[in-house]
Amino acid sequence: MAQSRRSTLATKIFYGSGATAFGVKDTAFNSFLLLYYNQVLGLDPFMAGLALALAVVLDAAIDLPVGYVSDHWRSRWGRRHPFMYAAALPTAISFFFLWNPPASALADQTSLFTYLLAMTVLVRLCLTFFEVPNAAQGPELTTDYHDRTRLMAFRHLFGWIGGLTMAVLTFLVLFNLDPNGQMGPTGYQWLGVIGGCTMFAAMIVSSLGTHRQIPTFYKPPKRDSHGLRPIVDQVKGLFQNTSFNSMFISALLFAAAAGFSQALSLYVTTFFWQLDTTKIGLIPLLAFIAVPLAFYLAPRLAARWEKRGAAMIVYGFAIVFLPVAYLAQLAGWFPARESALFLPFIMANYLIETTAIITAQIILSSMNADVVEDRSAETQGARNEGLIIAARSFASKSVSGIGVMLAGTVLSVVGFPENARPGEVDAAVTSTLILVYLPVLLTLYAASWYAVRFYRIDAARHQANLDATLQPTGEPR
């Protein structure tokens with residue numbers, strides 16, 4: 001029987017710290033980039049949105065080739081680390097210049113559009129050359145079935161905390177450096193400086209911290225063929241694996257649901273719940289509680305109920321719990337807006353829902369890692385960690401625009417007014433918005449949950465896969 005290899009606490013920390021760079025980028029792009037280029041720099045909103053959408057498409061297209069190349073790279077620094085080291089400085093520099101455009105880029109709309117597109121693509125591509133190889137180390141850092149869930153918990157912890165810290169720093173400190181607050185350029189320029197330095201530090205620390213593991217990693221044989229065809233063949237082979245299909249489809253549907261929810265979140269909090277900006281700003285801070293809770297819960301639930309069972313229970317709970325507060329408000333059972341309990345109830349609802357979703361995502365990430373040995377057993381020992389990790393990333397990015405498109409469709413269907421003001425929108429319209437919003441969101445989440453049913457790997461099968469692909473010492477055959 002092949003021995004499982006567990007990761008040390010130091011390895012978990014170094015591996016997880018790499019996700020900080022992605023968390024910083026994600027927060028900066030999702031929360032600030034469109035506003036900065038549209039409202040502060042004056043780029044037409046359609047052109048700004050188009051540039052960001054095109055960048056996502058190009059980013060998604062590069063994920064699978066990067067995963068494939070890092071799976072087959074041969075060097076004295078192994079398969080992953082050459083890309084991780086090489087990506088750090090270009091990522092930091094391009095992130096800095098994205099938020100600090102030269103005067104020539106501000107000359108006209110075409111110049112600004114071109115600059116935004118070029119720099120956004122550059123940041124995304126550079127980070128992909130770090131993120132995919134860095135994440136792909138996970139299945140090799142530990143082959144232990146339950147230790148993988150703990151390892152993935154560290155990755156989600158660092159990613160979320162990094163992004164949340166950058167958001168709080170920007171709102172509470174950096175925006176105050178400019179007399180015009182978030183409508184002035186100074187805060188965003190410093191975001192480029194601090195964000196770039198933070199990403200560089202996280203990428204280098206994670207790379208150096210996992211460098212000593214290189215001798216234990218799989219060494220791929222020389223490739224007989226090059227070009228696009230081998231990538232296509234290996235991707236097609238992945239889709240012959242039932243558990244991979246389960247994870248891929250679930251990730252697709254989850255990404256669509258998350259995009260839809262994020263696109264309408266301000267409409268829901270502003271017009272349905274009628275919260276002011278201060279109260280809206282307080283709610284995301286609860287993620288600083290939700291993330292450590294999920295970090296604690298995920299490994300324990302996965303050990304008790306097997307990974308698939310735990311993921312389906314927690315994910316299912318999140319789906320069932322999601323509409324409760326909305327339906328209570330519509331039915332008149334929720335505390336009145338004037339009540340001292342109104343905001344605490346909303347915050348408690350957010351805390352429970354967010355904790356459940358993050359917990360499920362940690363377990364699902366661990367399940368995705370176990371597909372590596374399952375596929376390796378099918379291919380007589382070949383390992384495709386990079387391709388499997390990249391495929392899930394591709395799934396999320398490729399449908400990111402669908403959620404936004406659905407959100408716009410829903411607003412059109414319910415006849416939501418333009419230039420609306422909080423508290424002045426007809427209650428019938430906001431109620432209709434929720435009654436359309438919830439079924440669409442719940443359908444996407446439920447379909448994502450249902451796809452997890454077809455996952456076939458449990459502890460016994462994982463051990464059988466290790467026996468088929470590893471030496472008794474735990475080394476690759």
Side-chain angles (χ1 to χ4, degrees), residues 19-49 51-52 55-56 89-109 111-124 126-127 158-203 262-263 265-266 269-270 275-288 291 422:
T20 303
F22 189 77
V24 170
K25 186 277 297 179
D26 224 25
T27 293
F29 277 36
N30 293 343
S31 301
F32 305 118
L33 192 56
L34 179 61
L35 181 69
Y36 178 47
Y37 271 80
N38 172 225
Q39 296 294 327
V40 180
L41 299 183
L43 182 61
D44 176 81
F46 173 78
M47 296 179 71
L52 299 182
V56 172
L89 189 58
T91 300
I93 292 174
S94 57
F95 188 84
F96 168 80
F97 280 108
L98 173 64
W99 302 92
N100 292 269
S104 59
L106 307 176
D108 53 56
Q109 291 285 298
S111 298
L112 191 54
F113 168 81
T114 303
Y115 185 85
L116 173 60
L117 176 60
M119 296 310 301
T120 305
V121 168
L122 189 58
V123 172
R124 286 185 172 277
C126 290
L127 188 56
F158 275 95
W160 273 85
I161 296 299
L164 288 169
T165 302
M166 184 55 62
V168 171
L169 177 67
T170 303
F171 277 117
L172 300 185
V173 178
L174 300 185
F175 283 159
N176 290 326
L177 299 177
D178 195 296
N180 294 315
Q182 65 198 65
M183 292 297 109
T186 307
Y188 299 99
Q189 292 166 353
W190 275 104
L191 170 61
V193 174
I194 297 174
C197 291
T198 302
M199 294 168 76
F200 177 80
M203 294 162 80
Q262 289 170 3
S265 62
L266 275 179
T269 53
T270 302
L275 301 179
D276 59 36
T277 53
T278 301
K279 292 176 180 176
I280 293 174
L282 287 175
I283 293 176
L285 294 178
L286 292 171
F288 281 108
V291 175

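- By the neighbour-count criterion of 12 heavy atoms within 6.0 Å, atom CZ of F97 is sparsely surrounded, having that number or fewer from other residues, nucleotides or ligands.
- By the side-chain contact (heavy atoms from CB on, under 4.5 Å) test, V168 pairs with L172, L285, F288, sequence neighbours left out.
- To the nearest 0.5 Å, atom OH of residue Y115 and atom CG of residue L41 are 10.0 Å apart.
- Expressed to the nearest 0.5 Å, how far CG of L191 lies from OG1 of T27 amounts to 9.5 Å.
- At least one donor-acceptor pair under 3.5 Å links the side chain of S94 to the backbone N or O of P90.
- Here A48 pairs with L34, L43, L116 under the side-chain contact (heavy atoms from CB on, under 4.5 Å) rule; sequence neighbours left out.
- Taking OG1 from T20 and CE from M166, the interatomic distance works out to 10.0 Å, rounded to the nearest 0.5 Å.
- In plain terms, the two heavy atoms of A287 and L164 that are nearest each other are CB-CD1, 3.3 Å.
- For D44, the side-chain contact (heavy atoms from CB on, under 4.5 Å) criterion is met by F46, M47, Q109, not counting sequence neighbours.
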For residues 98-105, tabulate all N or O donor-acceptor pairs below 3.5 Å that involve a side-chain atom, not counting sequence neighbours.
| from | atom 1 | to | atom 2 | distance (Å) |
| --- | --- | --- | --- | --- |
| N100 | ND2 | F96 | O | 2.9 |
| N100 | ND2 | Q189 | O | 3.3 |

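- With sequence neighbours excluded, the residues forming a side-chain contact (heavy atoms from CB on, under 4.5 Å) with F175 are F32, T170, F171, Q182, Y188, listed by chain and number.
- Under the side chain to side chain donor-acceptor pair (under 3.5 Å) criterion, T165 pairs with no residue, sequence neighbours left out.
- In plain terms, the two heavy atoms of F95 and G192 that are nearest each other are CD2-O, 3.7 Å.
- To the nearest 0.5 Å, atoms CG (L127) and CZ (F22) are separated by 7.0 Å.
- The minimum heavy-atom distance linking Y36 with P185 is given by the pair CE1-CA, 4.2 Å.
- Counting heavy atoms from C-beta outward, T120 and L33 have side chains that approach closer than 4.5 Å.
- A 4.5 Å side-chain heavy-atom check between L174 and I194 finds at least one atom pair inside the cut-off.
- Rounding to the nearest 0.5 angstrom, the gap separating the CZ atom in R124 from the OG1 atom in T91 is 12.5 Å.
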